[in-house]
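Index from 1, following the sequence. Keep in mind that what you see is a predicted model, and the values were worked out from it rather than measured.
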Amino acid sequence: MLLTSLLLSSSAFVGGIYAYQPGIHRRLLDTRDIPNPEKYNTTYWFDQLIDHANPSLGTFKQRYFFSGEFYQPGGPILLENVGEQNADGFWQILSANDSIIGLVAQATTGSSIALEHRFFGQSNPYPDLSEESLKYLTLQQNIDDMVYLAQNIVLPMEGGDSVGPDKAPWILFGGSYPGAVVNWAVYQRPEIFYAGYASSAIVEAIEDFWQYGDAIRTRMPANCSSDFQALISHVDEVFSSDDDLAIQALKENFGMGNVTHVDDVAKQIGLWQDLQQYEGPNQPFYEFCDYLEVCEVDGKNTSAPESGWGLDHALEAFGSWMREQNPSISDADISTHDDTLPRYRNISVDNGTRSWHWMVCNELGWFQTGAPEGHPTIISRFVDLEYFKRFTCQMYFPKTFGDKPTSAYPAVDATNTKFGGWNAHVDRVFFANGLNDPWIDTTGSHTADMDIANAEVEPTIAYIQEQAVAYMLAWLADWTPQI
């Protein structure tokens with residue numbers, strides 16, 4: 001087995017916005033200007049099979065972007081499946097100024113493709129996201145999409161009809177869930193995909209993923225962690241009591257006096273964890289902790305000791321922060337108990353949340369729950385598996401999950417058996433992972449190495465990218481066409 005795994009000691013983020021990502025902290029889209037965008041932003045369509053096990057069902061149009069800017073005959077074909085989101089704007093990753101796939105294309109004289117995932121964005125086999133349609137949204141169908149594309153695509157360049165895996169080396173790229181797809185696809189179909197680059201690849205399907213919060217807890221500033229642990233312990237104690245006045249007062253402190261169910265309040269107060277731990281000045285995660293832990297003492301801004309300022313201050317400061325973020329939250333905004341709300345019944349296409357929920361409920365899990373009793377936690381224990389499965393699975397997909405015992409899904413054991421999980425042995429896959437990554441217990445901060453801008457301010461990311469190029473060149477030197 002020839003496999004490379006490198007850990008980033010830290011991560012950085014420059015001039016970006018959060019790309020749409022329901023449920024997973026996926027990579028960021030850099031918003032810098034891309035020189036000559038017309039080289040990359042043309043939309044192409046591939047006739048993809050609806051069901052690879054039953055081709056008679058026909059095809060659908062799968063969107064992709066392509067660049068042959070650096071291609072020379074004999075160069076590799078680089079493919080990135082952009083994963084659980086609309087692919088709008090992802091043409092820019094094909095530029096060597098933007099992303100690792102463009103950088104490697106330049107270094108290896110390859111061409112590059114950004115492929116939209118089935119049932120996301122504009123790539124839909126059917127005109128709706130009903131449960132009947134979504135039965136064709138599986139991990140295997142997604143991998144088979146890439147295989148079928150590699151075997152049949154005619155790329156819009158000279159020689160583009162002679163670039164199948166028998167004539168050119170195909171290299172996969174991806175970060176987070178798409179990083180896992182890289183590993184799974186190379187593991188399952190090494191005769192098609194010669195190599196891969198997997199950033200923060202979530203290779204192991206886990207049902208009860210309480211370690212997500214624990215990774216944040218152990219890597220965030222100690223004072224911030226201490227105070228938030230105390231706050232969550234208090235929240236769980238009050239919400240478990242019969243003191244209706246205390247429960248209502250706590251809801252109002254967080255700006256959720258009109259929210260009926262305490263588990264919905266508990267989930268909402270944990271959403272600050274979506275602020276990823278990117279290091280450097282003016283990063284939202286650390287600004288959040290400063291809000292809690294920096295106070296004026298004797299006329300000077302003073303940080304709390306490692307033990308924090310204590311529960312009373314945490315309640316006041318975090319309550320103020322919550323009310324500033326969302327002045328008034330109601331059941332209509334966040335209820336996971338009312339299945340008549342429009343979000344649960346919306347089956348229109350380009351609804352990434354619905355498509356992603358289908359995937360985690362059936363095959364992936366990754367439910368970010370509170371830690372077990374006896375273990376420190378920064379996520380409320382009201383946010384448990386039953387909570388997630390009720391609204392993520394049963395509320396969205398009542399025909400599929402409404403009558404099933406919750407222990408029957410998701411099928412994470414079957415996923416790990418099929419694709420290897422931690423035990424997958426693959427050749428020529430370059431893994432890059434971040435020590436500040438809350439997904440570290442499934443991957444190894446999150447996909448930061450995929451963006452060229454981050455290397456400009458973080459030396460460890462620059463090193464990762466240099467190593468990736470070097471490994472790809474070395475691996476490609478050993479590739480020979482199939483006879």
Side-chain angles (χ1 to χ4, degrees), residues 17-26 60 63 83-89 116-138 177 251-252 254-274 322-323 325-369 380 382-404 406 409-410:
I17 59 173
Y18 287 106
Y20 177 67
Q21 42 165 40
I24 276 192
H25 297 293
R26 204 209 176 287
F60 70 98
R63 181 166 58 152
E84 69 285 14
Q85 58 200 309
N86 187 305
D88 284 354
E116 190 166 62
H117 197 297
R118 63 167 50 211
F119 286 99
F120 290 89
Q122 299 180 27
S123 299
N124 296 283
Y126 293 107
D128 61 49
L129 300 180
S130 66
E131 292 174 65
E132 291 76 15
S133 297
L134 288 172
K135 68 182 181 180
Y136 299 104
L137 175 56
T138 67
Y177 158 65
K251 289 182 183 179
E252 292 176 357
F254 301 132
M256 290 181 275
N258 295 323
V259 175
T260 302
H261 299 279
V262 295
D263 54 359
D264 289 334
V265 176
K267 180 65 170 70
Q268 191 70 18
I269 65 177
L271 293 183
W272 62 271
Q273 298 152 35
D274 288 346
M322 282 289 296
R323 295 191 301 273
Q325 304 302 308
N326 298 284
S328 180
I329 301 175
S330 68
D331 282 339
D333 301 312
I334 66 171
S335 175
T336 63
H337 295 264
D338 182 1
D339 63 4
T340 67
L341 291 173
R343 61 178 167 271
Y344 298 117
R345 304 282 72 85
N346 178 14
I347 63 171
S348 59
V349 298
D350 196 16
N351 180 353
T353 296
R354 182 174 178 86
S355 296
W356 182 245
H357 283 180
W358 177 264
M359 298 180 74
V360 298
C361 288
N362 278 287
E363 299 182 275
L364 294 171
W366 298 330
F367 299 121
Q368 298 153 25
T369 60
S380 168
F382 278 87
V383 184
D384 56 14
L385 280 178
E386 293 299 317
Y387 174 85
F388 273 110
K389 291 185 178 184
R390 180 185 68 249
F391 91 88
T392 305
C393 308
Q394 296 170 352
M395 302 279 278
Y396 277 92
F397 312 109
K399 294 179 183 178
T400 303
F401 300 108
D403 296 329
K404 281 186 179 180
T406 55
Y409 59 89

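Applying the salt bridge (Lys or Arg N to Asp or Glu O under 4.0 Å) test to pairs two or more places apart or on separate chains, those with a residue in residues 258-270 are Asp263-Arg390.
In terms of modelled atom types and a separation under 3.5 Å, the side chain of Asn362 and the main chain of Trp358 share a donor-acceptor contact. With hydrogens and angles disregarded, a donor-acceptor distance shorter than 3.5 Å links the side chain of Asp333 to the backbone of Ser330. Under a 3.5 Å cut-off, the side chain of Asp384 and the backbone N or O of Tyr387 do form a donor-acceptor pair. Using a distance-only test at 3.5 Å, with no hydrogens or angles considered, no donor-acceptor pair links the side chain of Asn326 to the main chain of Arg323. Ser355 places a side-chain N or O within 3.5 Å of a backbone atom of Phe119 that can act as its donor or acceptor partner. Judged purely by atom type and a 3.5 angstrom limit, Arg343 has no side-chain atom pairing as donor or acceptor with the backbone of Tyr396.
Considering CG of Asn86 and NE2 of His117, their distance stands at 13.5 Å, rounded to 0.5 Å. Annotation: the span from Phe254 atom CZ to Met322 atom CE amounts to 7.5 Å, rounded to 0.5 Å. The OH atom of Tyr177 lies 7.5 Å from the CD atom of Glu84; values are rounded to the nearest 0.5 Å. Residue Asn346 holds its CG atom at 5.0 Å from CG of Asn351, rounded to the nearest 0.5 Å.
Across Met359 and Phe120, no two heavy atoms sit closer than the pair SD-CE1, 4.0 Å. Contact between Ile329 and Val259 at its shortest, heavy atoms only, is O-CG2, 3.5 Å.
With sequence neighbours excluded, the residues that form a side-chain contact (heavy atoms from CB on, under 4.5 Å) with Lys404 are Phe401, Tyr409. Residues satisfying the side-chain contact (heavy atoms from CB on, under 4.5 Å) test with Thr392, not counting sequence neighbours, are His357, Val360, Cys361, Phe367, Phe388. Residues satisfying the side-chain contact (heavy atoms from CB on, under 4.5 Å) test with Gln122, not counting sequence neighbours, are Trp45, Arg63, Asp88, Glu116. When the ring pair (Phe, Tyr, Trp, His ring centres under 6.0 Å) test is applied to Phe60, no partner is found at least two apart in sequence or on another chain. Residues satisfying the side-chain contact (heavy atoms from CB on, under 4.5 Å) test with Ile347, not counting sequence neighbours, are Asp128, Ser130, Arg354.
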Do Thr138 and Glu363 pass the side-chain hydrogen bond (donor to acceptor under 3.5 Å, both in side chains) test, and can you show the C-alpha distance, the side-chain angles, and the key distance before you say yes or no?
CA-CA 8 Å; Thr138 67; Glu363 299 182 275; 4.9 Å; no
What's the verdict on side-chain contact (heavy atoms from CB on, under 4.5 Å) for Asp350 and Asn124, showing C-alpha distance, side-chain angles and the deciding distance?
CA-CA 8 Å; Asp350 196 16; Asn124 296 283; 5.6 Å; no
Trace of the side-chain contact (heavy atoms from CB on, under 4.5 Å) decision for Met256 with Gln268:
CA-CA 9 Å; Met256 290 181 275; Gln268 191 70 18; 3.6 Å; yes
Stepwise side-chain contact (heavy atoms from CB on, under 4.5 Å) check, Lys251 with Val262
CA-CA 8 Å; Lys251 289 182 183 179; Val262 295; 4.1 Å; yes
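Residues Val265 and Phe382 have side chains not in contact (no heavy-atom distance under 4.5 Å, counting atoms from C-beta outward). Taking the side chain as every heavy atom from C-beta outward, Ile334 and Phe391 never approach each other to under 4.5 Å.
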